Amino acid sequence: GRGLSILLFGAPGTGKSMCAQVIAHELNLELYRVDLSKVIDKYVGETEKSISMIFREAKKCNVVLFFDECDTLFAKRSDDGGSNQASNNNKTALLLQEVEAYDGVSVLATNYKHNIDPAFFRRMKYIVEFQFPDADTREMLWKTTIPKGTPLGEDVDIRFLAEKFEFVGGNIKNCILNAAFLAAADGDGQEVCMKHYLQAVAEYYAMDEWDAAARMADTGIANCDPSREENAVHIDGLYAASTRMRLRGKKSLEVVKTGKAYLEKPDLSDLAKASICSDLAVACGELGEYEACLKYLQEYLRWKTYFKE
């Protein structure tokens, strides 16, 4: 085909969807985002009809086709002999034909390149990896994402935020937006200060690590034998989740008091310590104790590797 096919892959939040929007804007074309929930159908043959219709309409309208989370549709084929797998293989084969025959621009994005059928790779004109940003790149992202007209306080240290907190672009954008809301709700709301950014970071960690602790607690916890070393992480996950449950719903002052008491327990796991420290950072930020907020953020960073999957 004469078309242009681009595969974008990398960690969530690194800018793959934004890149697709930029490509469409630069080409002065509309971006047609394929809604996979409406494409995939449980009835045999219906998904194939939807796929053919998408490419047919895209040819008529001359748009940029964007398949987000494309590994759902472009999955690897197998020969296990089952009827469901045969149907999936047919969908993948049809997609291969349509992508190759399409004369326009198609952009595919995925977080899991290894899940895509290898036959797609030779049909891609460009395969672009979106890497996790280093400190210098994060600093650039912070500076360019904060709107130019934002009234920043003199104490705002962008380099510190970039070096200490390993965020992708999507996380940075959310923290900047949250900090602006916190500043607007804080007194006269004339400036966005370092305390607002620290509190936004703390709230992100508290939300993110709560989910991580809950996932770890849910993974096989019912059948865990605490005496077995390979199950220790699940026990830690349950402990972290249970201690955080006791903190949730309390007022900021009670969170600080209760959280400090938990941290003094000699048998507390590092996973639970990290969980509690992220809650303490949020609580201290809400109380206006921003040195304490920073202290608990730094404590959290000491133990955060326990949340990596």
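In this text, all values refer to a predicted model and were calculated from it rather than measured experimentally. Position 1 is the first residue of the sequence, and the numbers go up from there.
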Here the gap from Leu161 atom CG to Phe167 atom CZ, rounded to the nearest 0.5 Å, amounts to 9.0 Å
Would you say Phe132 has more than 12 foreign heavy atoms packed within less than 6.0 Å of its CZ? yes
Same apolar cluster: Val256 and Tyr262, side chain cutoff 4.5 Å: yes
Once you round to the nearest 0.5 Å, how far does CG of Leu297 lie from CZ of Phe165? 5.0 Å
Give a yes or no answer on whether the side chain of Arg138 reaches the backbone of Pro133 with a donor-acceptor pair at less than 3.5 Å. yes
Rounded at 0.5 Å granularity, tell me how far CD in Glu166 sits from CG in Asp134. 10.5 Å
Minimal heavy-atom distance between Leu301 and Lys164, with the atoms involved, is CD1-O, 3.5 Å
With the 4.5 Å side-chain cut-off for hydrophobic clustering, are Val64 and Phe55 part of the same group? no
Are there over 12 heavy-atom neighbours, none belonging to Glu30, within less than 6.0 Å of that residue's CD? no
Above 12 or not: heavy atoms from other molecules or residues under 6.0 Å from NZ of Lys59? yes
So Thr150 and Ile176, side chain to side chain contact (heavy atoms under 4.5 Å, CB included) or not? Walk me through it. CA-CA 10 Å; Thr150 302; Ile176 289 171; over 6 Å; no
Compare every heavy atom of Ala179 with every heavy atom of Tyr197, then report the nearest pair and how far apart it is. CD2-CB, 3.4 Å
Going from CG on Leu8 to CE on Met18, what distance comes out if it is rounded to the nearest 0.5 angstrom? 13.0 Å
Determine whether Arg159 and Asp136 make a side-chain contact, defined as any pair of heavy atoms from C-beta on separated by less than 4.5 Å. yes
Flag side-chain contact, heavy atom, 4.5 Å: Tyr126 against Leu4: yes
Is it true that a side-chain atom of Lys16 and a backbone atom of Gly10 form a donor plus acceptor pair closer than 3.5 Å? yes
Could you pull out the closest heavy-atom pair between Cys284 and Cys293, with the gap in Å? CB-N, 3.7 Å
Between Gly153 and Glu191, what is the shortest heavy-atom contact and its length? CA-OE1, 3.7 Å
Check the pair Glu139 / Lys143 against salt bridge (charged side-chain N to carboxylate O under 4.0 Å, His left out), numbers first and verdict last. CA-CA 6 Å; Glu139 183 178 11; Lys143 288 180 176 178; 3.2 Å; yes
Contact between Val201 and Tyr300 at the side-chain level, heavy atoms closer than 4.5 Å - yes or no? no
Treating Ile, Leu, Val, Met, Phe, Trp and Tyr as nodes and any side-chain heavy-atom pair under 4.5 angstrom as an edge, say whether Val282 and Met194 lie in one connected cluster. no
Answer yes if Phe9 and Val105 sit in the same cluster of Ile, Leu, Val, Met, Phe, Trp and Tyr residues linked by side chain heavy atoms under 4.5 Å apart, and no otherwise. no
Leu263 vs Glu299 side-chain heavy atoms within contact, under 4.5 Å: no
Kindly check if the number of other-residue, nucleotide or ligand heavy atoms within 6.0 Å of CZ (Phe160) is above 12? yes
Non-hydrogen side-chain atoms of Val63 and Leu29 separated by less than 4.5 Å: no
ILVMFWY network linking Phe67 to Leu31, side-chain heavy atoms under 4.5 angstrom: no
Restricting to non-hydrogen atoms, name the atom on Val168 and the atom on Pro12 that form the minimum distance, rounded to 0.1 Å. CG2-O, 3.4 Å
Rounded to the nearest 0.5 Å, how far apart are NZ of Lys195 and CG of Leu182? 10.0 Å
Separation of Cys175 SG from His196 NE2 (nearest 0.5 Å): 14.0 Å
For the residue pair Tyr204 and Asn171, establish whether any side-chain heavy-atom pair is separated by less than 4.5 Å. yes
Distance-only, no hydrogens or angles: does the Tyr290 side chain make a donor-acceptor pair with backbone N or O of Gly285 under 3.5 Å? yes
Using the side-chain hydrogen bond (donor to acceptor under 3.5 Å, both in side chains) criterion, which residues pair with Ser52? Sequence neighbours excluded. none
Could you tell me whether the side chain of Ile54 reaches within less than 4.5 Å of the side chain of Tyr102, counting heavy atoms only? no
Identify whether the distance between the nearest side-chain nitrogen and carboxylate oxygen of Lys60 and Glu57 falls below 4.0 Å. yes
Residues Ala283 and Val255: closest non-hydrogen pair is CB-CG1, 3.7 Å
Got Phe66 and Ser17 here, is their nearest side-chain heavy-atom distance under 4.5 Å? yes
